Amino acid sequence: MSLGDETTIAGPGEVVHIPGGVEHGAVALEDAVIADVFHPVREDFLEKLA
């Protein structure tokens with residue numbers, strides 16, 4: 001997982017907080033279930049899903 005100019009490996013059960021406006025990305029190194037949670041709701045993201 002990259003967050004700004006830092007890179008880390010998140011393990012099972014870990015949570016990563018990404019502040020708004022910070023560049024980020026992730027690569028799954030094995031099968032994984034990922035939950036993406038936004039608050040407040042991002043209307044622009046919901047429109048892309050419709």
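Predicted, not measured: the structure shown is a model, and the values here were computed from it.
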Given the rule that I, L, V, M, F, W and Y join up when any side-chain heavy atoms are under 4.5 Å apart, are V27 and I34 in one cluster?
-> no

Would the number of heavy atoms belonging to other residues, nucleotides or ligands and lying under 6.0 Å from CD1 of I9 be above 12?
-> no

Do L3 and V22 touch side chain to side chain, with heavy atoms closer than 4.5 Å?
-> yes

Side chain to side chain contact (heavy atoms under 4.5 Å, CB included) filter on A10, not counting sequence neighbours, yields E14, V16

Got a sec, which pairs hit side chain to side chain donor-acceptor pair (under 3.5 Å) with one end in residues 41-50, sequence neighbours left out?
-> R42-D44

ILVMFWY clustering at 4.5 Å (side-chain atoms), partners of V33 | none

Output the distance between atom CE (M1) and atom OG1 (T7), rounded to the nearest 0.5 Å.
-> 10.0 Å

Which residue pairs pass the side chain to side chain donor-acceptor pair (under 3.5 Å) test with at least one member in residues 15-36, sequence neighbours excluded?
-> none

